[in-house]
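Some notes on the structure that comes next.
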Amino acid sequence: MDKLSIKEKIIATDMLILSQTYLKKILEKSEKKYGIDTLVQYGYIAVIKKWESYYNLLLKSFKNPYVLWSAYMASSEYMFGGFDRYNKDGFITQVSNIFTIYNLKYSRNVEILGIRFQFKKVKKEFFYGIKTENFWDFSFHYMNRERLFIEFVRDYQNYDDLFFKKIISTLDIPRLQEYLISYPIQKVAYKIKSLLCI
């Protein structure tokens, strides 16, 4: 492996996400004195989170927004929600080009590899009703349908009650009622309770 070029070594890793530490090890063994910025300029890698994680552009794989999210957040607590998840769970048909991450650290908008992310900083109490899915070596944390529905009603609370009726029939009502007990926005909780009586 030592006789391979830097490009060949990055391809040979077969890893989609590369850490700064890993890249430095590859560069230290090379005769060429490249830095990580040079690898970015050559189009071998792209920055996900500077000084931490990089995307391996040489694998030519689909740029999965959830993988990028997971790499950006690393081991931090986070949960996917927002309009993209509303679409994925069949609440709406509108496709979103912005991905929302609820987390404990960041409140900002970031673009990674042409994909727009909206980070919403929340309190730890916000994290309940989480489901986890695995893809390759990554774990993704989403709001489950009942938890997502609460945020959906929060975003669309001025809509007519009938707008929510079809979705309610697909939910686990006891779980939804359990979540409403601790939901802090009483206006939203009241709206959902009234929807359950339709």
Side-chain angles (χ1 to χ4, degrees), residues 15-21 23 35-37 39-159 163 167 179 183-185 187-188:
M15 293 167 31
L16 198 53
I17 306 300
L18 303 166
S19 69
Q20 178 189 26
T21 307
L23 287 169
I36 291 176
D37 288 345
L39 301 181
V40 172
Q41 289 171 357
Y42 284 179
Y44 297 172
I45 61 172
V47 176
I48 293 175
K49 193 171 185 183
K50 195 155 183 151
W51 316 122
E52 289 185 31
S53 56
Y54 299 83
Y55 189 84
N56 187 344
L57 292 171
L58 299 174
L59 291 185
K60 306 291 184 203
S61 68
F62 166 69
K63 292 172 185 66
N64 185 318
Y66 300 114
V67 169
L68 298 176
W69 248 336
S70 186
Y72 192 94
M73 294 307 295
S75 61
S76 301
E77 196 167 359
Y78 70 91
M79 181 168 56
F80 303 144
F83 292 95
D84 170 66
R85 295 310 310 168
Y86 299 158
N87 175 273
K88 296 272 190 302
D89 273 296
F91 293 0
I92 57 174
T93 55
Q94 178 184 351
V95 179
S96 175
N97 63 349
I98 299 175
F99 296 85
T100 303
I101 307 168
Y102 295 96
N103 70 99
L104 300 172
K105 289 184 173 182
Y106 309 111
S107 184
R108 64 174 82 146
N109 293 327
V110 176
E111 189 169 308
I112 304 170
L113 293 171
I115 300 171
R116 293 164 57 198
F117 297 95
Q118 180 181 52
F119 291 88
K120 291 189 175 183
K121 186 176 180 181
V122 295
K123 294 179 180 177
K124 191 160 181 65
E125 298 82 46
F126 189 86
F127 290 96
Y128 63 90
I130 298 174
K131 69 176 181 178
T132 300
E133 292 181 6
N134 296 310
F135 177 74
W136 287 0
D137 295 330
F138 302 96
S139 291
F140 308 123
H141 310 292
Y142 307 104
M143 291 181 180
N144 66 24
R145 285 180 61 79
E146 292 72 28
R147 180 69 182 88
L148 188 65
F149 182 71
I150 294 172
E151 294 306 315
F152 182 68
V153 172
R154 180 181 177 184
D155 285 335
Y156 290 100
Q157 61 186 302
N158 293 329
Y159 279 51
F163 175 73
I167 300 168
Y179 291 168
Y183 194 72
I185 304 173
K187 186 177 175 183
V188 173

Pairwise distance CG(N103) to CZ(F126) - rounded to 0.5 angstrom: 10.5 Å
Full working for side-chain hydrogen bond (donor to acceptor under 3.5 Å, both in side chains) between N56 and Y44: CA-CA 6 Å; N56 187 344; Y44 297 172; over 6 Å; no
Lys NZ or Arg CZ of K49 over Y72 ring: under 6.0 Å, within 45°: yes
Within-4.5 Å side-chain heavy-atom neighbours: Q20 and Y54: yes
H141/F80 aromatic ring centres below 6.0 Å: no
Non-hydrogen atoms of F140 and S70 that approach each other most closely: CE2-CB, 3.9 Å
Rounded distance (nearest 0.5 Å) linking atom CG of L18 with atom CD of E52: 14.0 Å
Least distance between heavy atoms, S53 atom then A71 atom: OG-O, 3.6 Å
Exercise: identify the closest heavy-atom pair between F83 and S96: CB-CB, 3.8 Å
Aromatic ring proximity, centroids under 6.0 angstrom, F99 and F119: no
Within 6.0 angstrom of Y159 OH, more than 12 heavy atoms from elsewhere: no
Of F138, Y142, F117, the residue whose pairing with Y66 passes ring pair (Phe, Tyr, Trp, His ring centres under 6.0 Å): Y142
Cation over ring face, R147 and Y179, 6.0 Å, 45°: no
K121 atom NZ, over 12 foreign heavy atoms within 6.0 Å: no
Note, I167 side chain near F152 side chain (heavy atom, < 4.5 Å): yes
Any donor-acceptor N or O pair under 3.5 Å, side chains E151, Y183: yes
Flag if over 12 foreign heavy atoms under 6.0 Å of CD, E111: yes
Value rounded to 0.5 Å, distance of CG in L68 from CE in M73: 13.5 Å
Inter-residue atom distance Y86.OH - T100.OG1, 0.5 Å rounding: 8.0 Å
Closest non-hydrogen atom pair, L148 against R85: CD2-O, 3.5 Å
Interatomic distance, I36 atom CD1 to I45 atom CD1 [nearest 0.5 angstrom]: 6.0 Å
Between CG on residue L58 and CG on residue L16, distance to nearest 0.5 Å: 11.0 Å
Donor-acceptor under 3.5 Å (D89 side chain, R145 main chain): no
